[in-house]
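Along the sequence shown, residues are numbered consecutively beginning with 1. Each ligand, and each atom within it, is numbered from 1 in the order the structure gives.
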Amino acid sequence: MPVRYNEETRTFHLTDGSRFSMVLRAAEDPAGGLTLYQDYWGAPVADGALAYLNHTGSRELASFDQALQLPLFAYPTSGRGDYRPAALRAVGADGTDCAILHYTGYEIVPGKPALKGLPAAYVEDEKEAETLIIRMQDDKTMLQVELLYTVMTDLHVLTQSVRLINGGDSLITLHDPASCCVSLRGEYDMLHLHGAWAKERSVERAAPMHGVREIVSCRGASGHQHNPFVAMTEKDTTEFHGNCWGLCLVYSGSHRMLAEQNDYGYTRIMGGVSQCAWRLEPGEEFQTPEMLMVYSGEGLNGMSDTFHRLIRTRVCRGVWRDKVRPVLVNNWEGTYFNFDTEKLLGIARKGAEIGAELFVLDDGWFGKRNNDDCSLGDWVVNEEKLPGGLKLLADKVNEMGLMFGLWFEPEMVSPDSDLYRAHPDWCLHVADRPRSQRRRQLILDMSRRDVQDYVINAVSSVLSSANIGYVKWDMNRNFAEAGSALLPPEQQGEVHHRYMLGLYRVLEEITSSFPEVLFESCSGGGGRFDAGILHYMPQTWTSDDTDAVERLFIQYGTSMAYPVASMGAHVSAVPNHQVGRITSLEMRGHVAMSGNFGYELDLTRLPEEEISLMKEQVAFVKKIRTLTQKGRFTRLASPFEGRFAAWQFSDETQDELLVGVFQRYATANAADTFIRLRDVDETSWYQDDQGRRWHGSALRHVGLEANFERMPDAASLVFHLKKEKL
Ligand code: DGJ
């Protein structure tokens with residue numbers, strides 16, 4: 001059983017039976033009664049093995065300043081003398097903030113309950129998981145707290161979320177209730193993914209420090225700057241060895257993730273929503289987003305592999321979850337706003353010729369949008385630009401044998417739009433303050449039901465008007481003056497989270513009404529790349545930076561938590577539009593095929609040699625895409641650390657391998673470099689597409705030679721290996 005309870009010691013042991021244990025215990029609270037402690041999370045331990053731990057931290061010495069700074073509270077509250085960061089600040093009707101949560105009981109249920117209104121990991125069969133619900137209560141305010149822990153056994157994952165219920169008769173205000181709180185003994189590095197537009201998810205690993213290290217988004221989106229994922233690692237943990245603990249929040253809005261190391265040898269880690277002051281009236285409940293929690297004793301790659309499997313198979317949903325993704329051609333970098341039907345059909349025709357399967361019409365097809373000044377919200381095709389409308393265009397594209405896909409930015413409104421003129425109060429704003437524009441647009445107030453319904457109807461009617469098989473759902477700015485005209489003053493602190501609840505409702509409605517459509521999310525590139533959005537749309541446009549060298553960093557960093565099957569990756573024109581670099585078509589192709597492959601350039605302007613190389617690329621992608629989308633991905637060499645990036649894909653049986661090795665810059669008389677593979681059968685011979693042979697033991701212990709002699713900056717080698725059958 002994944003959840004085991006020892007009545008005598010009131011201990012809960014959560015384990016998948018092979019890779020991790022978490023131990024929780026109900027024991028005396030220093031303030032009297034019982035509370036819940038989290039004694040341990042890490043490699044598996046035996047039942048009862050931790051009974052000797054003194055979790056309440058009563059030491060004889062230093063009792064003055066330690067106060068409550070030792071107990072490993074499972075859900076610590078503020079104001080009660082535990083001076084560390086709190087998982088919850090719950091302010092009662094009398095204005096005081098010092099809830100004390102007493103343990104009141106537990107329940108173990110099969111499977112995994114769905115979270116109301118929020119994305120979450122799910123099971124397809126109750127046997128896949130078991131859930132422990134721990135109940136606690138603050139006796140003064142009667143705030144009831146339910147901690148939901150789920151063990152997803154075969155996926156080796158633990159999830160946690162929290163339900164807060166006002167069981168009293170007066171208001172309780174919740175401030176940034178965390179989704180989880182865990183404590184580790186010792187000092188850890190914190191690894192997180194930071195960035196900016198066009199340079200998302202750079203890997204940063206910071207040495208341990210005393211005090212708080214906090215990653216916050218207050219943007220109303222998970223953001224380019226700080227992804228809602230962190231990993232705590234030991235000093236000597238590498239990609240391949242050592243312990244690490246990963247936390248990944250299933251949420252797309254404002255968030256916080258923090259770690260605090262104190263002087264008593266403990267590190268407290270937590271994460272959840274931010275910018276949230278939620279008024280919980282008597283009888284109401286608040287559900288936090290869910291945290292996905294992975295312990296790995298096999299380094300960062302072990303952690304990432306577990307996240308990849310989980311997110312790919314039990315966070316992503318829908319018919320496209322398991323289907324191979326189409327090779328696409330997108331017109332954005334090819335034409336920007338400057339196109340007409342003939343131009344688009346020309347690109348689509350070339351796309352069909354090279355073997356692409358989907359043509360995507362990006363921004364600029366609606367209202368009077370010939371630049372980014374106007375028309376967001378007016379989701380009506382511009383017939384001057386596209387006579388005959390979307391249906392005609394989609395039909396013609398379909399006749400070429402391609403699916404037709406369309407760009408939207410449904411959460412936005414341009415001040416210069418019919419929608420804004422009719423409903424100036426539908427955007428987020430604060431009365432008597434300026435409405436700050438970014439990219440000349442404002443954000444629709446998705447916390448409002450009428451706005452949600454408008455978006456559902458507007459998008460649905462376009463999707464019903466033509467044979468549209470793919471949607472790119474963009475979102476190109478973050479919050480400012482985030483007030484809602486419909487909420488009373490005392491509820492304005494709820495806007496950030498209500499926006500997300502509204503957006504999730506809209507996405508749920510639209511994706512279930514159009515189940516066959518492949519949805520790809522986007523936010524100025526990868527500004528909303530998180531597990532929450534992937535629940536509705538199984539792939540995300542990884543970055544607006546399409547330069548092949550820069551993409552090595554971006555895709556490498558993204559893979560810390562997110563599966564390759566979720567990353568959109570396109571070959572674009574050179575000189576590259578973001579950095580001006582010229583890279584070979586081979587290199588651009590090799591990087592893009594380590595994701596959901598596509599082209600984003602004007603195919604009609606390319607020489608025949610490039611078109612014929614593209615035909616070969618597409619044929620190769622079709623051969624390997626099941627492996628890249630569903631196989632195990634292992635990072636072998638980090639672009640953040642040296643001249644090379646390298647990674648490997650392998651299928652479950654290690655019969656087929658794909659290895660990409662990328663040289664960022666050339667150097668003369670370089671040292672010999674061998675890339676040692678990981679997931680390989682050491683007892684078999686392998687052969688590549690050119691008939692070259694290697695033994696698995698050599699691939700594992702000596703490696704593939706990364707021979708880039710006299711090759712330029714930004715060069716790549718790809719090895720596609722198959723096990724020889726006896
Ligand atoms: C930002 C996206 O990331 C781009 O790919 C493109 O769709 C533009 N928006 C269109 O405005």
Side-chain donor/acceptor of [X] to backbone N/O of [Y], under 3.5 Å:
X	Y	value
K472	N330	no
S217	A221	yes
R581	D547	no

task = State which residue, out of K323, R625, R325, fulfils the salt bridge (charged side-chain N to carboxylate O under 4.0 Å, His left out) condition with E357.
result =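 The passing option is R625.
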inquiry  = Can you tell me which residue among S521, C316, S566, C522 is in a side chain to side chain contact (heavy atoms under 4.5 Å, CB included) with M537?
reply    =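 The residue from S521, C316, S566, C522 that satisfies side chain to side chain contact (heavy atoms under 4.5 Å, CB included) with M537 turns out to be S521.
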Table of N or O contacts for ligand 1, cutoff 3.5 Å:
from	atom 1	to	atom 2	distance (Å)
ligand 1	3 (O)	G525	N	2.8
ligand 1	3 (O)	D544	OD1	2.4
ligand 1	3 (O)	D544	OD2	3.1
ligand 1	5 (O)	K472	NZ	2.7
ligand 1	5 (O)	W541	NE1	3.4
ligand 1	5 (O)	D544	OD1	3.4
ligand 1	7 (O)	D362	OD1	2.7
ligand 1	7 (O)	D362	OD2	3.3
ligand 1	7 (O)	W407	NE1	3.1
ligand 1	7 (O)	K472	NZ	3.0
ligand 1	7 (O)	D474	OD2	3.4
ligand 1	9 (N)	D474	OD2	2.7
ligand 1	9 (N)	N476	ND2	3.4
ligand 1	11 (O)	D363	OD2	2.6
ligand 1	11 (O)	R439	NH1	2.9
ligand 1	11 (O)	R439	NH2	2.9

query = Is the ring centre of F479 less than 6.0 Å from the ring centre of Y499?
reply =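 That pair passes the under 6.0 Å test.
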